[in-house]
Amino acid sequence: MSKQRAFANTPAAVARARRFVAHELADAPSEVVEEIEIMVSELATNCVRHTVTDFTVSVERSDREILVEVTDSGGGMPTVRRPEPSEPSGRGLRIVQELADSFGVRELRGSPGKTVWFVVGLDESMGSASGTQSATRDFSQPRSRRGAGGGSRLRGGRPSDNTVTPEARARRDRRRRADSLLRLP
Amino acid sequence: MIRLGSDDEIDDSGASVGSAEVTVDGAGIAVIKLSGEIDMSNVDSLRDVIEPVVQETHDRVDFDLGALAFMDSSGIALLLRVAAKAGSVHLRGPSALVRRMIEATGLSDVLFIDP
């Protein structure tokens, strides 16, 4: 399952983006959806604060993981920051780093902009309610590439990847490269 | 009790709907009960009504988060702005996720989580 939606660059779009992913993940465990809503809210907020164009949110779910991507056409790359308490803002990506099993940023090719993505694993006991969707793609990636410098936690084991399609492998490789774009203070 | 914000289900501006209720408990602590959702679309309006209350009162401000349906880092920013003015800020009834966000961002020494 993969769904994508575009949102106008307005503050109200932040909540709309949350509702979109929550709707698309209605049958996922509620605690996972709540984490994803926070992360989507953080990434959508960054789009609205730092760019002037529309942004898109896509949700893709396999039996084992949920991938969310937020794409905008603004310049600059987001960074994980650790601001002092006297600084009210600047914690969005740090929170994504905490809540996601892995995340990263990749620049768009041929046009300005970037995609910030994150993956949340589903415990095997909570696999897709529609277990017949064996055709869903595996967009998994090695846990050793998780996040940017630790901080997030392992969730469940890493199943073997012997069924990865070429397309999924290409996506994974893109993400491996993208991880290297993350800048840390 | 001072009631701030709005409980309307539909906000014409499309902003998220959150509200704040301010009371003073028996110990003289200002208790601000937040409910609804807090994100970048409504955090400034909430701040505009909360900050004057904080300025004219109390060394310690408690936020009651037990009825809060959603809060992202915009909500944390709101709490930090109040903490910068008040003597101390305590949080009552934060969800496990809010607690995790505060701990992960190293703010446990500024936004005290009451047991």
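Quick caveat: nothing in here was measured; it's all calculated off a predicted structure.
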- Item | Structural part of A:Ile95 lying under 4.5 Å from a heavy atom of chain B | side chain
- Item | Heavy-atom contact with chain B under 4.5 Å, split by part of A:Ser86 | neither
- side-chain contact (heavy atoms from CB on, under 4.5 Å) between A:Glu98 and A:Arg91, worked out: CA-CA 11 Å; A:Glu98 167 68 17; A:Arg91 295 174 177 78; over 6 Å; no
- Note on the structure: Closest non-hydrogen atoms of A:Ala8 and A:Ala13, given as atom of the first, atom of the second and distance, are O-CB, 3.1 Å
- Message: I want to check something: taking the side chain as every heavy atom from C-beta on, are B:Ile76 and B:Met71 in contact at a cut-off of under 4.5 Å?
- Response: yes
- Between B:Asp39 and A:Thr45: side-chain donor-acceptor atoms closer than 3.5 Å: no
- The interface call for A:Glu84 against chain B, heavy-atom contacts under 4.5 Å, is neither
- Applying a strict 4.5 Å limit to non-hydrogen atoms, the region of B:Ala84 in contact with chain A is neither
- Query: Are the side chain of A:Glu42 and the backbone N or O of B:Ser73 linked by a donor-acceptor pair below 3.5 Å?
  - Reply: yes
- Highest number of heavy-atom pairs under 4.5 Å with chain B among A:Pro83, A:Ala44, A:Pro88 belongs to A:Pro88
- Item | Choice from A:Arg49, A:Met39, A:Arg16 maximising heavy atom contacts with chain B below 4.5 Å | A:Arg49
- Interface moiety of B:Glu103 toward chain A, non-hydrogen atoms closer than 4.5 Å: neither
- Considering all heavy atoms of both residues, which atom of A:Leu25 and which atom of A:Val33 are nearest to each other, and what is their separation? O-CG2, 3.5 Å
- Item | Residue, of B:Leu78, B:Asp109, B:Leu111, B:Thr105, that accumulates the most heavy atom pairs under 4.5 Å with chain A | B:Thr105
